[in-house]
Amino acid sequence: MKWFAFSIICAVFQISYQNPKKHWTLLPNILVLEVDGTLGEQNLLCMESPQELIGSANQSQEIFWKKNGINQAQRGNSYRVQLEESLGGGNYTCHSEDGSLLNHTIVLIKEDKSKRRKILVKTDEDYLKCTAQNYSGEFHCSWTWHSSRNGRVAFIKAHRVPDNNTKCSVDTSGQWTCSSVYGNFTCTVSDNRISCLDKQHCPYAEESKQICVTVFVLSQHFLLEEYFQCFYLSEIVKPDKVEIAQVNTTVIQWSYPSSWSSPYSYFPLTFQIAQLKDGCESCDSPCNDYKALTLHSTDTFQFKVKNRAKAVCVRAKDAFSFSQWSEWSHKRLRNHRKKRNKHLNKRI
């Protein structure tokens, strides 16, 4: 019976110290601990060679620790970070007896993948929404912060798959660079959006490898979460709005967005036009309630509208891929004939 009880205690002790399940370095002096919610601990070292702390009198100096600027009871070159659920993250600094900073380690906690996400909000069945205006190799990914979480981007990785040798770094201006033999990405970050460019991308060649974007976001409580999206540019390309002009009372024309890839014969667009019986400028989405006609063109397109049409809507998409339509362009038509007749009636 005693042996059974002793075995249970040893098993519990062993399980508790399987936490963290894994640890790795995100950036210099930033340690990530992957936890599963059980009790555990992680050792931090202040100095790799404690002999460096021997003073002029050949006496070893005592090391003391702070967590987020608050003095801790533990002393010595080693510090045990106590882990429980998602707690334990923080900025750990070690100091000499005179208070001089010797080293620091930022500990980030990454919960088990099965845990509920807490920092970003899922929209449109995903957390990251990525789009590209054209095939230049530039794309953008955006997200929505949780209303009760104060988060920021901690790390970005952009690469072509399969590729396990991508090296990523960030400079003092906040620009990220991820390089490998398959891609050379530069990314910049705003509040809830990243913009990236693959400098090695050739728009005229078939895209054989997907782009994978990973965004690590960090809460104010040192909780780290990982979000990623993989895609071909042809899957996320979304043209800018089409420019519509009225030629005369019955004819309109539209042209390709200036940001779209050229030549247009190589990157053709498919268009849809909807003719509205009323202008409805104050409607939230006046173009969605009308049946659209699909047309194809590799140049400026002219179209004769119906006599009763008071407005038109035009949108575009890549002709060769199952990608997104652009936002509708909406234009109210000027009917000069009716205005002229009304003016003549007044004179009579």
Side-chain angles (χ1 to χ4, degrees), residues 5-115 118-119 149-157 164 167-170 172 214 216-226:
F6 177 75
S7 300
I8 294 295
I9 293 173
C10 289
V12 172
F13 182 84
Q14 183 179 11
I15 291 173
S16 68
Y17 283 89
Q18 289 178 351
N19 194 31
K21 300 167 62 177
K22 184 180 178 182
H23 65 274
W24 43 279
T25 300
L26 183 68
L27 287 169
N29 295 97
I30 300 180
L31 180 67
V32 179
L33 305 181
E34 297 188 10
V35 302
D36 58 9
T38 61
L39 294 173
E41 65 178 35
Q42 173 70 35
N43 276 344
L44 302 180
L45 284 180
C46 178
M47 308 293 291
E48 292 292 337
S49 301
Q51 289 79 9
E52 299 175 17
L53 294 175
I54 299 177
S56 58
N58 291 329
Q59 293 181 349
S60 177
Q61 300 184 49
E62 185 178 24
I63 298 175
F64 70 93
W65 292 78
K66 292 182 179 181
K67 178 184 177 182
N68 301 329
I70 301 174
N71 287 329
Q72 302 296 294
Q74 294 187 45
R75 294 289 188 269
N77 191 53
S78 178
Y79 184 94
R80 293 187 304 277
V81 177
Q82 302 301 314
L83 302 173
E84 182 179 0
E85 296 182 349
S86 61
L87 303 177
N91 184 12
Y92 293 85
T93 57
C94 56
H95 306 260
S96 60
E97 287 181 336
D98 63 2
S100 300
L101 176 66
L102 300 173
N103 204 350
H104 77 281
T105 302
I106 298 175
V107 175
L108 306 181
I109 303 299
K110 187 173 183 292
E111 292 183 311
D112 187 270
K113 292 181 179 179
S114 62
K115 300 293 183 181
K118 301 177 180 179
I119 303 177
R149 299 279 173 174
N150 183 15
R152 64 179 179 87
V153 174
F155 191 81
I156 296 172
K157 183 177 181 180
N164 297 321
K167 305 296 181 183
C168 298
S169 61
V170 60
T172 55
T214 305
F216 289 89
V217 295
L218 178 64
S219 76
Q220 59 185 337
H221 302 297
F222 298 92
L223 180 65
L224 187 73
E225 292 181 353
E226 176 184 358

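By convention here, the first residue in the shown sequence is residue 1.
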*May I ask you to say whether Lys118 pairs ionically with Glu225, meaning some side-chain N is under 4.0 Å from a carboxylate O?*
no
For the student: nearest non-hydrogen atoms of [X] and [Y], plus distance:
X      : Y      : answer
Phe222 : Val107 : CB-O, 3.8 Å
Leu218 : Ala154 : CB-CB, 4.0 Å
Gly88  : Val81  : O-CG1, 3.4 Å
Cys94  : Ile63  : CB-CG2, 3.8 Å
Phe64  : Asn71  : CE1-OD1, 3.8 Å
Phe155 : Cys168 : CZ-CB, 3.9 Å

Is [X] reaching over with its side chain to a backbone N or O of [Y], donor-acceptor style, under 3.5 angstrom?
X      : Y      : answer
Gln42  : Leu83  : no
Asn68  : Asn91  : yes
Asn103 : Cys46  : yes
Asn29  : His104 : yes

_Assess the residue pair Glu34 and Trp24 against the criterion (side-chain contact (heavy atoms from CB on, under 4.5 Å)); give the C-alpha distance rounded to whole Å, side-chain angles, the decisive distance to 0.1 Å, and a yes or no._
CA-CA 9 Å; Glu34 297 188 10; Trp24 43 279; 2.7 Å; yes
_To the nearest 0.5 Å, what is the distance between NZ on Lys22 and CG on Asp112?_
12.5 Å
*For Arg75, does the CZ atom sit with more than 12 other heavy atoms under 6.0 Å from it, leaving out its own atoms?*
yes
*Gln72: partners by side chain to side chain donor-acceptor pair (under 3.5 Å), with sequence neighbours left out*: Tyr79
